[in-house]
Amino acid sequence: MNLIFIEAKNANTSECNFLKAVLSKHFVDKSVEFICMDGVGNLFQKSIINRMEQAQVEGDSVLVLVDADSPSKGWGYTKRHDDIEDKKTQLQLNFPLFIYPNNNDDGDVEVLMESLIRKDLHKDWWDCFEDYETCIQGAKDSENNQKYNLPNRKAKLHTYITSQQLNKKQRDKIGSGFWLFDDPKYWDLTREALKPLLDFFDAHLK
């Protein structure tokens with residue numbers, strides 16, 4: 001068994017369902033259980049550490065996936081990596097770590113997701129959304145400050161998938177994080193951008 005610890009609050013999230021789609025396509029023979037930590041800040045909580053240690057004693061594989069985030073949020077790849085590795089050393093823990101989007105750059109899982117979108121099939125949508133972002137960014141208040149916040153990347157991706165011509169069953173599931181990651185009309189899970197994550201899984205999944 002492979003236990004994959006992720007930042008998500010629960011399994012009904014886009015991150016969890018994205019990973020399920022990736023694993024179903026590329027590692028169909030692997031048994032996986034997701035442990036949702038409800039934020040990277042909980043990675044070294046006693047309950048999480050106990051679960052890791054128990055799994056390793058039982059011979060299970062433990063993997064951890066977290067966002068790098070950005071320097072503007074006080075983090076970024078280098079700081080996130082060094083912080084986690086330092087705490088692993090202090091606590092004498094040993095587990096493989098993958099930091100989104102590619103184990104090298106700043107960003108998050110949504111950066112990786114966006115790189116896999118079928119923009120070639122939905123160019124009109126992306127052109128229109130970029131126009132919308134430009135318009136929103138140009139709106140100022142009476143003191144010439146930006147009046148509105150731009151949608152964050154997760155909101156953009158949610159808007160992208162909910163804008164599609166979906167049937168009722170598909171639409172009903174979107175709120176539970178099922179963003180149709182397994183549908184090649186919307187996402188391409190064969191792109192080079194996914195390779196760092198696939199290499200990580202290939203190296204560490206039992």
Side-chain angles (χ1 to χ4, degrees), residues 1-43 48 51 61-69 98-102 107-130 132-133 136 149-198 200-202 205:
M1 174 63 75
N2 298 280
L3 272 65
I4 301 180
F5 290 75
I6 61 176
E7 289 192 50
K9 185 174 183 177
N10 56 58
N12 292 322
T13 59
S14 55
E15 180 192 3
C16 195
N17 286 292
F18 168 67
L19 292 172
K20 287 177 182 178
V22 170
L23 292 166
S24 293
K25 182 173 181 61
H26 296 280
F27 299 95
V28 67
D29 60 328
K30 303 297 184 182
S31 296
V32 170
E33 178 182 352
F34 290 98
I35 309 299
C36 298
M37 301 185 293
D38 193 15
V40 65
N42 291 322
L43 174 58
I48 297 295
R51 187 71 187 274
S61 179
V62 169
L63 292 75
V64 173
L65 284 73
V66 299
D67 291 336
D69 287 322
F98 185 88
I99 301 179
Y100 296 118
N102 56 18
D108 48 37
V109 66
E110 286 81 20
V111 169
L112 178 55
M113 291 176 184
E114 185 170 341
S115 71
L116 304 174
I117 276 176
R118 293 298 307 270
K119 293 183 181 180
D120 55 323
L121 298 182
H122 303 285
K123 184 177 183 302
D124 291 344
W125 191 92
W126 285 94
D127 288 347
C128 290
F129 199 90
E130 286 174 1
Y132 160 75
E133 287 182 310
I136 289 293
N149 291 324
L150 289 175
N152 63 25
R153 189 172 289 105
K154 183 177 289 187
K156 181 195 296 188
L157 298 180
H158 183 265
T159 303
Y160 162 73
I161 199 62
T162 56
S163 297
Q164 306 300 329
Q165 297 291 340
L166 307 177
N167 61 44
K168 185 179 185 304
K169 182 178 180 181
Q170 291 171 321
R171 195 166 295 283
D172 287 347
K173 294 174 73 174
I174 284 177
S176 297
F178 291 92
W179 289 4
L180 308 177
F181 293 111
D182 58 351
D183 193 325
K185 294 193 298 292
Y186 309 113
W187 313 88
D188 182 357
L189 301 186
T190 68
R191 288 187 182 159
E192 187 70 14
L194 196 58
K195 190 174 187 301
L197 181 60
L198 297 181
F200 174 79
F201 283 147
D202 190 51
L205 289 174

Is there a side-chain contact between Tyr160 and Phe129 in this structure, where contact means two heavy atoms from C-beta onward sitting under 4.5 Å apart? no

To the nearest 0.5 Å, what is the distance between CG on Asn152 and NE2 on His158? 11.5 Å

When you check the gap from the basic side-chain N to the acidic O, do Asp120 and Arg191 get nearer than 4.0 Å? yes

Does Asp67 use its side chain to pair, donor to acceptor, with the backbone of Asp69 at less than 3.5 Å? no

Would a 4.5 Å heavy-atom cut-off, applied to side chains only, mark Leu19 and Val32 as touching? no

Mind checking the CD-CG spacing from Gln164 to Leu180? Nearest 0.5 Å is all I need. 8.5 Å

With a 4.5 Å heavy-atom cut-off, do Lys25 and Thr190 have their side chains touching? yes

Does the side chain of Leu198 come within less than 4.5 Å of Phe27's, by heavy atoms? yes

Quick one: does Trp187's side chain have a donor or acceptor within less than 3.5 Å of a partner on Trp179's backbone? yes

Evaluation steps, side chain to side chain contact (heavy atoms under 4.5 Å, CB included), between Phe34 and Leu23: CA-CA 12 Å; Phe34 290 98; Leu23 292 166; 3.7 Å; yes

So Tyr100 and Glu15, do their side chains get closer than 4.5 Å, heavy atoms only? yes

Quick one: does His122's side chain have a donor or acceptor within less than 3.5 Å of a partner on Lys185's backbone? yes

For the side chain of Asn102 and the backbone of Pro196, is there at least one donor-acceptor N/O pair under 3.5 Å apart? no

Decide yes or no on side chain to side chain contact (heavy atoms under 4.5 Å, CB included) for Trp126 and Lys156, but give the supporting numbers first. CA-CA 10 Å; Trp126 285 94; Lys156 181 195 296 188; 3.2 Å; yes

Considering all heavy atoms of both residues, which atom of Ile35 and which atom of Arg51 are nearest to each other, and what is their separation? CD1-NH1, 3.4 Å

Answer yes or no: is there a donor N or O on one side and an acceptor on the other, between the side chain of Asp188 and the main chain of Leu116, under 3.5 Å? no

Student check: side-chain heavy atoms of Tyr132 and Thr159 closer than 4.5 Å: no

Taking all atoms of both residues into account, what is the closest heavy-atom pair of Asn2 and Lys30, and its distance? ND2-CB, 4.3 Å

Of all the heavy-atom pairs spanning Ala193 and Ser115, show the shortest one and how long it is. CB-OG, 3.3 Å

Using a cut-off of 6.0 Å, state whether more than 12 heavy atoms not belonging to Lys20 lie near its atom NZ. yes

Would you say Lys9 has more than 12 foreign heavy atoms packed within less than 6.0 Å of its NZ? no

Tell me, do Ile161 and Tyr186 make a side-chain contact under 4.5 Å, heavy atoms counted? yes

Distance col, row Met113:CE vs Leu189:CG, nearest 0.5 angstrom, shows 10.5 Å

Distance in Å, Phe178 CZ paired with Asn17 CG, rounded so as to fall on 0.5 Å steps: 4.0 Å

Could you report the tightest heavy-atom contact between Leu205 and Ile4, atom names first, then the distance? CD2-CD1, 4.4 Å

Is His26 close to Phe201 at the side-chain level, that is, under 4.5 Å between some pair of heavy atoms? no

Heavy-atom closest contact (Trp125 atom, Ser163 atom, distance): NE1-OG, 3.1 Å

Whether over 12 other heavy atoms sit under 6.0 Å from Lys154 NZ: no

For a quick test of reading the model, state the closest non-hydrogen atom pair linking Asp183 to Gln170 and the distance between them. OD2-NE2, 4.4 Å

Rounded to the nearest 0.5 Å, what separation is found between the CD1 atom of Ile99 and the CG atom of Leu197? 13.0 Å

I'd like to know if the side chain of Asn42 and the backbone of Met37 have a donor-acceptor N/O pair within less than 3.5 Å. yes

Between atom SG of Cys16 and atom CD of Glu7, what is the distance when rounded to the nearest 0.5 Å? 13.0 Å

